[in-house]
Every structure is written in C-alpha cells, then in structure tokens.
Participant: 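My questions all concern the structure below.
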Amino acid sequence: MARGHRRRPRPQPGHRAHGFYYERELTELLAEGALSRLDTAFSRDQRATIYVQDRMREHGSLLWSWLRDGAHFYVCGDASRMAEDVDRALRDIAAVHGGLSEDEAAGYVKQLAADRRCLRDVY
C-alpha cells in the first residue's frame, strides 16, 4: 500500500515464455498481505491467448474504482503494440465503468498521465 491509499497494488505480469520475472517476490508480497491480489496474463501459456488488456477489462469495474480512489497505474513493456492496447483498454474502462464519452475517456487517461498517476516504461 503506497502513500496511504486504501487499495493495494495489483501487478499483472504479461509474459512467462522466458520465466515469471519476480515470481518469488510477488508471491511473497501476496502472502504477506502487501498485495491483495495478483493477476497474471501469460499470453503463450494456454490455448486461448490472454493479454494484460484482457485482464484489465475482466476486472474493469474494480480497476475503475481504484482509479477513482486515486490509484496509480504503471505500464511496462512493448511499445509497439502492448502499450497502445493497454491504453485503449484503459480508455474503454473509463467509458464503460465511468460513464464517460470516448473523448472524455481519452481526456481522463491523458490527465492521469499529466498527474503522473499513469506512468509508462515502454520500449
């Protein structure tokens, strides 16, 4: 829990093909209660492809409530496709669960970035 927020962070690792990075550390944080949940989206481990943006939409209502409560959102990974898809999912969640128009949702996500509540480390 960071900066006094009531919600706990919920990382979503995206690829397991070369190992589950930080698996031990993340499962320890979960066991210690520092994380309330750990959702994974390993896109190549099962028949149906599951991406981070799929998990985001699956838990869109919860993600939206966390954002409304002041949560920070971090995106790390592939800039050529994943980052854009995650950004689209974030706008969709703002529209669906926040009742925002498409333009309002885009503005909301843009404001998250301006407020440094949505940070990207993409390459």
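Only heavy atoms go into these numbers, but all of them, side chains included; no hydrogens, no water, no symmetry mates.
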Participant: Is the closest side-chain heavy-atom distance between Asp87 and Arg120 below 4.5 Å?
Facilitator: yes
Participant: Please report the interatomic distance CG(Leu63) to CZ(Arg68), rounded to the nearest 0.5 Å.
Facilitator: 12.0 Å
Participant: Which value, rounded to the nearest 0.5 Å, describes the distance between Arg24 atom CZ and Leu29 atom CG?
Facilitator: 10.5 Å
Participant: Rounded to the nearest 0.5 Å, what separation is found between the CD atom of Gln53 and the CZ atom of Arg81?
Facilitator: 8.0 Å
Participant: Can you find a side-chain donor-acceptor pair between Asp78 and Ser80 that sits under 3.5 Å?
Facilitator: yes
Participant: Does Leu90 belong to the same Ile/Leu/Val/Met/Phe/Trp/Tyr cluster as Val122, with side-chain heavy atoms less than 4.5 Å apart forming each link?
Facilitator: yes
Participant: Are any non-hydrogen side-chain atoms of Arg37 and Leu62 less than 4.5 angstrom apart?
Facilitator: yes
Participant: Distance check, rounded to the nearest 0.5 Å: Trp66 atom CH2 versus His72 atom NE2?
Facilitator: 14.5 Å
Participant: Any idea which heavy atoms bring Val75 and Val86 closest together, and the distance?
Facilitator: CG2-CG1, 3.8 Å
Participant: Just wondering, more than 12 heavy atoms not from Glu104 lying within 6.0 Å of its CD?
Facilitator: yes
Participant: Can you tell me how far the NE2 atom of His97 sits from the CG atom of Leu67, to the nearest 0.5 Å?
Facilitator: 11.0 Å
Participant: Return yes if some donor-acceptor pair links the side-chain N/O of Arg55 with the main-chain N/O of Thr40 below 3.5 Å, else return no.
Facilitator: yes
Participant: In this structure, are over 12 heavy atoms from other groups packed under 6.0 Å from Glu28 atom CD?
Facilitator: yes
Participant: Between Tyr108 and Leu100, is there a side-chain heavy-atom distance shorter than 4.5 Å?
Facilitator: yes
Participant: With rounding to the nearest 0.5 angstrom, report the OG1 to OH distance, Thr27 to Tyr22.
Facilitator: 14.0 Å
Participant: Could you walk me through whether Met56 and Val52 pass the side-chain contact (heavy atoms from CB on, under 4.5 Å) test, one step at a time?
Facilitator: CA-CA 6 Å; Met56 290 171 60; Val52 172; 4.2 Å; yes
Participant: Grab the two heavy atoms, one from Ala105 and one from Ala94, that are nearest each other, plus how far apart they are.
Facilitator: CB-CB, 3.9 Å
Participant: Taking Arg57 for its side chain and Ile93 for its backbone only, find out whether a donor-acceptor pair lies under 3.5 Å.
Facilitator: no
